[in-house]
Peer 1: 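Quick one: the structure is below, and I'll ask about it shortly.
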Amino acid sequence: MELVNNKYVMSGGIDPLELCKTYGTPLYVYDASVIERQYKRLAGAFDYPKFKIHYACKALTNLNVMRLLRQLGAGADCVSVQEVQLSLMAGYKPDDIIYTPNFASVEEFGEAVKLGVRINIDAIPMLENWGLQHKDVPVCLRINPHLMAGGNEKISVGHIDSKFGISIHQLPHVLRVVENQGLRVEGLHMHTGSDILDVDIFLRGADILFEAARKFPDLQYIDLGSGFKVPYKPDDIETDVEELGEKLSARFAEFCKEYGRELELIVEPGKFLVSESGYLFARCSLVKQTTSTTFIGLDTGLNHLIRPMFYGSYHKIVNVTEPTFKPRIYTVVGNICETDTFGSDRRIAEAVEGDIIGFYNAGAYGWMMASNYNSRFRPAEVLIYKGKAHLIRKRETIEDLVRNQVAVEGL
Ligand SMILES: *Cc1c(COP(=O)(O)O)cnc(C)c1O
């Protein structure tokens, strides 16, 4: 969304104010052309021929978005069996789906096996079970190389006391289990969490995996996870995917030569593909001056966009209705009965009741983390595709809030 002649416009010249009028607020809007741009940018950065992007669909599982990414050539990375089911509904082939759960039950693994997808195991006890039940089903192993990729401690998963993955230091134990049970290891995986700012640290993680790979003769692929950072502010550092692609392609080709076979190289970004495509629009319900600050209060809250309160993420916030008014300093808050702050001390064009306020970078982990807290409806979703706006999810209704409730007789 850009300012053109003092008005915000979205791709295809679409007016966000019109969308809010048509579909109401709060409203999530995604721009398919941005998703395509990001996919092609990443795909273009790697010249290794057997390179594949798996979309980490937990970022945004609307089937339309998943189909768009499949059409662009992506596979899917799923952290639950429900995401596997959604991926299949979106037309992904089982072989293009990797199931990468954390502390999933033996039963859930069993369901994923039935669906025929690639299986990623991230704990030794699960690996020990594997031989008893699914001896013939090959597995991928999630290795924790213990890198601090940087960024936020809530989303960083590669550190020493992380619950994710099998420690690289436990490799000898893993090898004993694999041999003992006669398992076939077809993939190695790492995902060090979010916010890779330093390409060389990522490459060091890759090297640790390549080193481990020598011990597994049946590998088909190596999956290096994600953590590709996108900018939230104009001067933000982002992952230099071009540098990463160039260095990693070269390094991977070298590794394959040593290994003796050309393996598939996989990465699995979520945020990188969809974050910048998304906006949340909400209506200012009230402007309230207190002794310390001026609040813009909205018709949405942490129930619809929890990232700022959950892990302190920054979302650029603008007044879409009156972009040219003189900026004032505001604290932007939601309507939930908790402290519910989207941004403090933000310079935003002077706002009044009824103005539409827009949040940037709301494509990833926005709607997906939305809840019905305070018994409000989750927002509608719109996708701008080929220059036209399409409603891709209706706003909820009161029926949705009670759909699965069961009345007790006498109450
Ligand atoms: C969440 C997740 C990703 C995607 O992370 P982003 O920061 O959104 O790119 C990739 N792989 C796994 C295993 C994940 O859990």
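Side-chain atoms are counted along with the backbone in the values below, which use heavy atoms only and exclude waters and symmetry mates. Order of listing sets the numbers, starting from 1, for every ligand and every atom in it.
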Peer 1: Which ligand 1 atoms does K271 reach within 4.0 Å, using its non-hydrogen atoms?
Peer 2: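 It comes down to these atoms of ligand 1: 6 (P), 7 (O), 8 (O), 9 (O).
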Peer 1: Taking all atoms of both residues into account, what is the closest heavy-atom pair of G227 and H191, and its distance?
Peer 2: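 Looking at all heavy atoms of both residues, the closest pair is N-CE1, 4.1 Å.
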Peer 1: List ligand 1 atoms under 4.0 Å from A56, heavy atoms only on the residue side.
Peer 2: 3 (C), 4 (C), 10 (C)
Peer 1: Taking a cutoff of less than 4.0 Å between a non-hydrogen atom of the residue and any ligand atom, is A59 in contact with ligand 1?
Peer 2: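 Outside the 4.0 Å threshold, so no.
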Peer 1: Considering only residues two or more places apart or on different chains, which pairs with a residue in residues 49-71 satisfy ring-ring contact (aromatic ring centres under 6.0 Å, His included)?
Peer 2: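 The answer is F46-F51.
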Peer 1: Compute the shortest N/O to N/O distance between T100 and ligand 1 and return yes if it is under 3.5 Å, no if not.
Peer 2: no
Peer 1: Does R142, backbone or side chain, put an N or O under 3.5 Å from an N or O of ligand 1?
Peer 2: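 No: no nitrogen or oxygen of R142 is under 3.5 Å from one in ligand 1.
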Peer 1: Determine, using ring centers only, whether Y279 and Y360 are less than 6.0 Å apart.
Peer 2: yes
Peer 1: Which of the numbered atoms in ligand 1 are below 4.0 angstrom from a heavy atom of P269?
Peer 2: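 Reading through ligand 1 atom by atom, the close ones are 9 (O).
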Peer 1: Which atoms of ligand 1 have any heavy atom of G270 under 4.0 Å away?
Peer 2: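 Matching atoms, with element in brackets: 4 (C), 6 (P), 8 (O), 9 (O).
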Peer 1: Can N374 and N303 be counted as having a side-chain donor-acceptor contact under 3.5 angstrom?
Peer 2: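 No.
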Peer 1: Any salt bridge (Lys or Arg N to Asp or Glu O under 4.0 Å) pairs touching residues 67-78, not counting sequence neighbours?
Peer 2: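 Found none.
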Peer 1: Between the candidates K58, H191, K229, which shows the shortest non-hydrogen contact distance to atom 1 (C) of ligand 1?
Peer 2: K58
Peer 1: Answer yes or no for Y365: is there a heavy-atom contact with ligand 1 below 4.0 Å?
Peer 2: yes
Peer 1: Just which atoms of ligand 1 are under 4.0 Å from any heavy atom in D77?
Peer 2: 11 (N), 12 (C), 13 (C)
Peer 1: Can we call the ring centroids of Y48 and F252 under 6.0 Å apart?
Peer 2: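 Under 6.0 Å, so yes.
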Peer 1: If only atom types and distance count, is the side chain of E83 paired as donor or acceptor with the main-chain N or O of V79 below 3.5 Å?
Peer 2: yes
